[in-house]
Every structure is written in structure tokens, then in C-alpha cells.
Trainee: 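Handing you this structure, nothing more for now.
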Amino acid sequence: MTSKKVIELFYDVVSPYSWLAFEVMCRYRTVWNIDLKLRPAFLGGVMQGSGNKPPGLVPNKFLWMNHDLARLAVYFNVPLRPPSDPAEAMFRKGSLNAMRFIKAVQEKETGGDQQVEKVSRELWRRIWSEDKDITEPASLAEAAQKAGLGRSEIEELQKLCTTPEIKDKLKSSTQDALEYGAFGFPMMVCHINGKAKMFFGSDRFEVMAHCLGEKWLGPQPAHHERSSAKL
């Protein structure tokens, strides 16, 4: 049995393309021989640190993204629907509070990233499926409750996410992404034979599989395996 290859997934719930990559990588956690490390970070910090500009600020790109995301939602089987006012949700309100909350969840969790995965998914659902807020304490609490966390846990997390410790940890994750060469999210870093290889976006899985020595079975590998079993 070969040792598992490590993949770090840097993401921010303000990014719809990150949600697609997140779901695919979670699905492949048991399909490929990998150890998936979830790395919540702040996209705003990466954009500023790399000198990049959001594609939504370019009118033609913004129009294209709406069509592209509608197609990808079906292809990836992710219930992705843009909020009624994307600029308000993404740029004016942003995700800093949400990402600090996720970082607090990760800080408290032991033995894996199950709670981080569930809370992240619920926050994506709020902003990119249900057109709901992800900035207010009540919004974060509702997402955490749907992810299965108890009231006392949530209260502790809400206190923790405002501390300098968690703020610094989110900054550190964001800086790690920049040092790997990030200019946006999603970003995956595959550690193969002692070397770190960076992949950007939700459309590089086939190339990633080639580098990992694994097979790309599409965005829904379970469906592919069931179809192959019938042949």
C-alpha cells in the first residue's frame, strides 16, 4: 500500500468556483489515494496580495460567469444559484467573518475536518444557493446548527472567531496560499514525491489526476463506478 499523497485545498466560501472544487475533492477523498487537507483562507487577502482583480468587475466576464455557473451547477451536481445581488454579497459584504468562523471550527476540531467540511458547505449553501447572509453572528450560528453543531459549541466558536489568535491563523493560511503562488481560489497544492505542484480553478482535475497517477472519473465518480459495474 503506497502512502497517501497530500492535497491542500485553499478556498473561500465567497467563491462559487471554490464550492465546485470543494465538492469534487471531497468526493475523490475515497476514490484517489490522497489525504485531503482543507485550508480555509481569505480570498480578499489573496487578491490584494497578488495584485489580482475579481473577474466580476469586468462586465463581459461577469455576464459570462452567470451562464458558466448555471452550466457547471448541473455538470457538477451542486445546487449553485447566484445571489440576487452578487456585487453586494461578494464585494460589499464579503466573507471575512465567515472564514474566521470556519477557521475557529477547524481550530477546535480534532481528528479530521468533518465539521469544517459540513460548516463550509452550509455557508456556501447560504450565499450561493439560498441567497442568504453569511456575515452576521445569527447567520453563522444557523449554518453551524444545520451542520450539526450544538448551541454551546456555536456560542464558544462565535467568541473564538473574534480573537486575535483566529484572526492571525486565517492571515497565516492566506499567506501560505500566496507563498505557493496563489492569485485566486480555488487552489489545490498536490505534494508529490516531495514536490509541491499548484493547480488553480475547478477545471484542472484531469491534469491533476495525471500528475497524481490517478484516474479522472468525472465530477461524480460514484455515478461513473455504478455505470461501469453495469457493463
Side-chain angles (χ1 to χ4, degrees), residues 3-46 76-78 80 94-129 134 140 143-144 146-149 153-154 157 160-161 165-192 196-202 204-205 208-209 212 214 219 221:
S3 59
K4 290 186 176 181
K5 300 179 179 72
V6 173
I7 297 181
E8 297 179 82
L9 170 59
F10 289 86
Y11 67 91
D12 185 320
V13 295
V14 81
S15 162
Y17 291 97
S18 288
W19 190 9
L20 302 175
F22 175 89
E23 296 296 355
V24 167
M25 294 311 304
C26 286
R27 293 167 189 170
Y28 272 85
R29 189 188 264 133
T30 56
V31 177
W32 289 347
N33 185 38
I34 61 171
D35 181 9
L36 180 63
K37 303 291 187 183
L38 299 180
R39 299 294 308 273
F42 183 46
L43 179 57
V46 166
F76 283 91
N77 190 27
V78 174
L80 195 159
S95 60
L96 184 57
N97 290 345
M99 297 315 296
R100 285 174 176 168
F101 188 79
I102 293 172
K103 202 65 183 174
V105 173
Q106 190 168 54
E107 180 68 11
K108 294 294 293 182
E109 187 170 13
T110 58
D113 278 336
Q114 291 185 353
Q115 288 185 339
V116 175
E117 177 183 338
K118 291 177 181 178
V119 172
S120 298
R121 183 175 288 116
E122 289 302 329
L123 286 167
W124 261 307
R125 285 184 185 277
R126 288 186 69 84
I127 184 175
W128 284 104
S129 187
I134 61 166
L140 301 175
K146 286 188 176 181
L149 277 65
E153 288 181 284
I154 294 170
L157 289 167
L160 182 61
C161 73
E165 177 188 7
I166 292 302
K167 292 177 181 179
D168 287 343
K169 285 185 178 294
L170 184 63
K171 288 178 183 177
S172 179
S173 293
T174 303
Q175 184 59 37
D176 286 346
L178 285 167
E179 290 178 2
Y180 276 129
F183 51 87
F185 288 160
M187 184 187 79
M188 288 141 289
V189 180
C190 299
H191 297 268
I192 306 169
K197 298 185 178 182
M198 189 262 274
F199 296 85
F200 169 76
S202 56
R204 292 294 185 269
F205 299 116
M208 187 189 305
L212 289 167
E214 300 284 352

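On a predicted model such as this, the values are computed, not experimentally measured, just so you know.
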Trainee: State, to 0.1 Å, how close Phe42 and Phe185 come at their nearest heavy-atom pair, and which atoms those are.
Mentor: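 Answer, listing the atom of Phe42 first, then Phe185: C-CE1, 4.2 Å.
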Trainee: For Glu214 and Asn33, indicate whether the former's side chain and the latter's backbone hold a donor-acceptor pair under 3.5 Å.
Mentor: yes
Trainee: Do Phe10 and Pro186 have side chains that approach each other closer than 4.5 Å (heavy atoms only, starting at C-beta)?
Mentor: no
Trainee: Side-chain contact, heavy-atom cut-off 4.5 Å: Phe101 with Val13?
Mentor: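 No, too far: nothing below the 4.5 Å cut-off.
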Trainee: Do Lys37 and His191 come close enough that some side-chain heavy atom pair is under 4.5 Å?
Mentor: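 Lys37 vs His191: side chains apart.
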Trainee: Quick one: side-chain contact (heavy atoms from CB on, under 4.5 Å) partners of Arg204, sequence neighbours excluded?
Mentor: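 Arg204 satisfies side-chain contact (heavy atoms from CB on, under 4.5 Å) with Phe199 only.
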Trainee: What's the separation between atom CG in Leu96 and atom SG in Cys161, rounded to the nearest 0.5 Å?
Mentor: 10.0 Å
Trainee: With respect to Phe22, which candidate in Ser202, Ser15, Ser120 satisfies the side-chain contact (heavy atoms from CB on, under 4.5 Å) definition?
Mentor: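 Per the side-chain contact (heavy atoms from CB on, under 4.5 Å) rule, the option paired with Phe22 is Ser120, out of Ser202, Ser15, Ser120.
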Trainee: If you count every heavy atom of other residues, nucleotides or ligands that lies below 6.0 Å from Lys169 atom NZ, does the total exceed 12?
Mentor: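 Count not over threshold, so no.
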Trainee: Looking at every heavy atom in both Asn77 and Arg27, which two are closest together, and how far apart are they?
Mentor: O-NH2, 3.3 Å
Trainee: So which pairs with a foot in residues 9-24 pass salt bridge (Lys or Arg N to Asp or Glu O under 4.0 Å), sequence neighbours left out?
Mentor: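 Passing the test, one end in residues 9-24: Glu23-Arg121.
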Trainee: I'd like to check Ser172 versus Asp176 (side-chain heavy atoms, cut-off strictly below 4.5 Å). Are they in contact?
Mentor: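 Touching, per the 4.5 Å side-chain cut-off.
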Trainee: Report the distance from atom CZ of Arg100 to atom NZ of Lys171, rounding to the nearest 0.5 Å.
Mentor: 7.0 Å
Trainee: Could you check if a side-chain atom of Tyr28 sits within less than 4.5 angstrom of a side-chain atom of Met208, using non-hydrogen atoms only?
Mentor: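 They are not in contact (no side-chain heavy atoms under 4.5 Å apart), so the answer is no.
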Trainee: Work out which heavy atom in Leu160 is nearest to a heavy atom in Glu165; give both atom names and the distance.
Mentor: CD1-OE1, 4.3 Å
Trainee: Quick check: closest heavy atoms across Ile134 and Arg126, and the distance to 0.1 Å?
Mentor: CG2-CB, 3.8 Å
Trainee: As an exercise, state the distance from CG of Leu20 to CH2 of Trp128, rounded to the nearest 0.5 Å.
Mentor: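 Those atoms lie 10.0 Å apart.
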Trainee: What's the spacing between Asp168 CG and Lys103 NZ if we round to 0.5 Å?
Mentor: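 The CG atom of Asp168 sits 11.5 Å away from the NZ atom of Lys103.
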Trainee: Before giving the answer on side chain to side chain contact (heavy atoms under 4.5 Å, CB included), spell out for Glu179 and Gln175 the whole-Å C-alpha distance, their side-chain angles and the decisive distance to 0.1 Å.
Mentor: CA-CA 6 Å; Glu179 290 178 2; Gln175 184 59 37; 3.4 Å; yes
Trainee: Dump the intermediate steps for side chain to side chain contact (heavy atoms under 4.5 Å, CB included) on Trp124 and Leu80, then the final yes or no.
Mentor: CA-CA 9 Å; Trp124 261 307; Leu80 195 159; over 6 Å; no
Trainee: Nearest heavy-atom pair of Ala41 and Leu170: which atoms, and what distance?
Mentor: CA-CD1, 3.7 Å
Trainee: For Val105 and Lys118: C-alpha separation, side-chain torsions, deciding distance, then whether side chain to side chain contact (heavy atoms under 4.5 Å, CB included) applies.
Mentor: CA-CA 10 Å; Val105 173; Lys118 291 177 181 178; over 6 Å; no
Trainee: Mind checking whether Met25 and Leu38 have side chains closer than 4.5 Å, heavy atoms only?
Mentor: no
Trainee: Leu123 versus Leu140: any side-chain heavy-atom pair under 4.5 Å?
Mentor: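 In contact.
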Trainee: Let's go through Tyr180 and Glu8 carefully: what are the C-alpha distance in whole Å and the side-chain angles of both, what is the deciding distance for side chain to side chain donor-acceptor pair (under 3.5 Å) to 0.1 Å, and is it a yes or a no?
Mentor: CA-CA 11 Å; Tyr180 276 129; Glu8 297 179 82; 2.7 Å; yes
Trainee: Roughly how far apart are Glu117 CD and Glu122 CD, rounded to 0.5 Å?
Mentor: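 These two atoms lie 11.0 Å from each other.
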Trainee: For Val46 versus Ala177, what's the shortest heavy-atom pair and its separation?
Mentor: CG2-CB, 4.2 Å
Trainee: Can you tell me if Glu109 uses its side chain to pair, donor with acceptor, with the backbone of Gln115 under 3.5 Å?
Mentor: yes
Trainee: Just to verify, what does Ile192 make a side-chain contact (heavy atoms from CB on, under 4.5 Å) with, not counting sequence neighbours?
Mentor: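 Partners of Ile192 by the side-chain contact (heavy atoms from CB on, under 4.5 Å) criterion, ordered by chain and then number, come out as Lys5, Cys190, Lys197, Cys211, Leu212.
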